[in-house]
**Q** 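One structure, pasted below without further comment.
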Amino acid sequence: PNYFHFSTMEETIKFITYYGFVFVALRGDNFCSACYMTFTFIVSNPMQVATNSVVTRLLTLSCIFTIPVGCSIGTYYYVDNHTDIIDSIYPAAAVLLLAGFVTNACMGVFECVVTTIFVCCFRDASLYKVRSGAQCRAEGRSEYSGVSRGQLPSATSISPPLTAVPLLCDQGAYMSASMRKAFRID
């Protein structure tokens with residue numbers, strides 16, 4: 001019974017430490033304050049953090065299984081049909097091990113990138129108090145912050161770099177429908 005509590009506590013500490021390192025990389029703070037920010041981030045976004053963790057873990061596990069097996073099967077058939085090697089199981093086993101190692105390393109980077117982008121999105125949304133497109137439309141605002149509907153300046157009246165800068169009011173206009181649904185923008 002005590003082993004279960006220790007293993008649960010160990011996994012929790014690993015999880016907070018992982019997100020803590022992401023916060024250290026993003027902000028450059030010390031590790032202790034990053035772990036505190038991690039804890040407050042997890043408490044304020046529990047379902048999103050759980051969803052991100054489950055989805056990245058499932059994608060990682062499926063890739064770690066399918067990519068090496070697919071490479072191994074392809075190697076087996078290639079060696080068996082196109083070479084003079086008698087026993088093609090040995091090259092296939094070597095490819096399985098090598099592909100497993102490389103895939104595991106690549107998926108570790110994938111998890112880190114997805115988690116970092118996830119933290120950046122939610123941190124920016126909370127820092128800049130990003131509102132949904134529906135809230136902006138209810139206020140009579142357009143997709144450009146501070147401009148009422150019908151009063152958008154023409155493209156010739158302002159410099160080209162300013163016309164291409166999306167502001168925070170209706171960022172959903174720049175996302176696909178699935179991204180707007182995932183971030184609950186509309």
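The figures here come from the full heavy-atom set of this structure, side chains too, leaving out hydrogens, waters and symmetry mates. The residues of the chain are indexed from 1 along the displayed sequence. These figures come from a predicted structure and were not determined experimentally.
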**Q** Enumerate, atom names and distances included, each donor-acceptor pair closer than 3.5 Å involving a side-chain atom of residues 62-70, sequence neighbours excluded.
**A**
{"from": "S62", "atom 1": "OG", "to": "L58", "atom 2": "O", "distance (Å)": "3.2"}
{"from": "S62", "atom 1": "OG", "to": "L59", "atom 2": "O", "distance (Å)": "2.9"}
{"from": "T66", "atom 1": "OG1", "to": "S62", "atom 2": "O", "distance (Å)": "2.7"}

**Q** Side-chain donor-acceptor contacts of residues 90-105 below 3.5 Å, not counting sequence neighbours, with atom names and distances?
**A**
{"from": "T103", "atom 1": "OG1", "to": "A99", "atom 2": "O", "distance (Å)": "2.6"}

**Q** Would you mind writing out the side-chain donor-acceptor pairs for residues 77-89 within the sub-3.5 Å range, not counting sequence neighbours?
**A**
{"from": "N81", "atom 1": "ND2", "to": "Y77", "atom 2": "O", "distance (Å)": "3.2"}
{"from": "T83", "atom 1": "OG1", "to": "V79", "atom 2": "O", "distance (Å)": "2.5"}

**Q** Pairs in or reaching into residues 41-52: which pass salt bridge (charged side-chain N to carboxylate O under 4.0 Å, His left out), with residues at least two apart or in two chains?
**A**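 Of all non-adjacent pairs touching residues 41-52, none passes salt bridge (charged side-chain N to carboxylate O under 4.0 Å, His left out).
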**Q** Any salt bridge (charged side-chain N to carboxylate O under 4.0 Å, His left out) involving residues 7-22? Give me the pairs, sequence neighbours left out, ordered by first then second residue.
**A**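 Salt bridge (charged side-chain N to carboxylate O under 4.0 Å, His left out) check on residues 7-22 returns E10-K14, E11-K14.
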**Q** State which residues pass side chain to side chain contact (heavy atoms under 4.5 Å, CB included) with L61; sequence neighbours excluded, sorted by chain then number.
**A**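 Testing L61 for side chain to side chain contact (heavy atoms under 4.5 Å, CB included), a comparison that skips the adjacent residues, returns R57.
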**Q** Give every donor-acceptor pair under 3.5 Å between a side-chain atom in residues 109-122 and any protein atom, sequence neighbours left out.
**A**
{"from": "E111", "atom 1": "OE2", "to": "T60", "atom 2": "OG1", "distance (Å)": "3.1"}
{"from": "T115", "atom 1": "OG1", "to": "E111", "atom 2": "O", "distance (Å)": "2.8"}
{"from": "T116", "atom 1": "OG1", "to": "C112", "atom 2": "O", "distance (Å)": "2.7"}

**Q** List, one per line, each side-chain donor-acceptor pair under 3.5 Å for residues 28-44, sequence neighbours excluded.
**A**
{"from": "D29", "atom 1": "OD2", "to": "R27", "atom 2": "NE", "distance (Å)": "2.7"}
{"from": "D29", "atom 1": "OD2", "to": "R27", "atom 2": "NH2", "distance (Å)": "3.1"}
{"from": "N30", "atom 1": "OD1", "to": "C32", "atom 2": "N", "distance (Å)": "3.4"}
{"from": "N30", "atom 1": "OD1", "to": "S33", "atom 2": "N", "distance (Å)": "2.8"}
{"from": "N30", "atom 1": "OD1", "to": "S33", "atom 2": "OG", "distance (Å)": "2.8"}
{"from": "S33", "atom 1": "OG", "to": "N30", "atom 2": "O", "distance (Å)": "3.1"}
{"from": "T38", "atom 1": "OG1", "to": "Y19", "atom 2": "O", "distance (Å)": "3.4"}
{"from": "T38", "atom 1": "OG1", "to": "G20", "atom 2": "N", "distance (Å)": "3.2"}
{"from": "T38", "atom 1": "OG1", "to": "A34", "atom 2": "O", "distance (Å)": "2.8"}
{"from": "T40", "atom 1": "OG1", "to": "Y36", "atom 2": "O", "distance (Å)": "3.4"}
{"from": "T40", "atom 1": "OG1", "to": "M37", "atom 2": "O", "distance (Å)": "2.8"}
{"from": "S44", "atom 1": "OG", "to": "T40", "atom 2": "O", "distance (Å)": "3.0"}
{"from": "S44", "atom 1": "OG", "to": "F41", "atom 2": "O", "distance (Å)": "3.1"}

**Q** Compare every heavy atom of T56 with every heavy atom of N52, then report the nearest pair and how far apart it is.
**A**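 It is O-OG1, 2.8 Å.
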**Q** Quick one: salt bridge (charged side-chain N to carboxylate O under 4.0 Å, His left out) pairs with a partner in residues 33-56, sequence neighbours left out?
**A**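 Every pair satisfying salt bridge (charged side-chain N to carboxylate O under 4.0 Å, His left out) with a residue in residues 33-56: there are none.
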**Q** Sorted by first residue and then second, give each salt bridge (charged side-chain N to carboxylate O under 4.0 Å, His left out) pair with at least one member in residues 91-108; sequence neighbours left out.
**A**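 Residue pairs passing salt bridge (charged side-chain N to carboxylate O under 4.0 Å, His left out), neighbours aside: none found.
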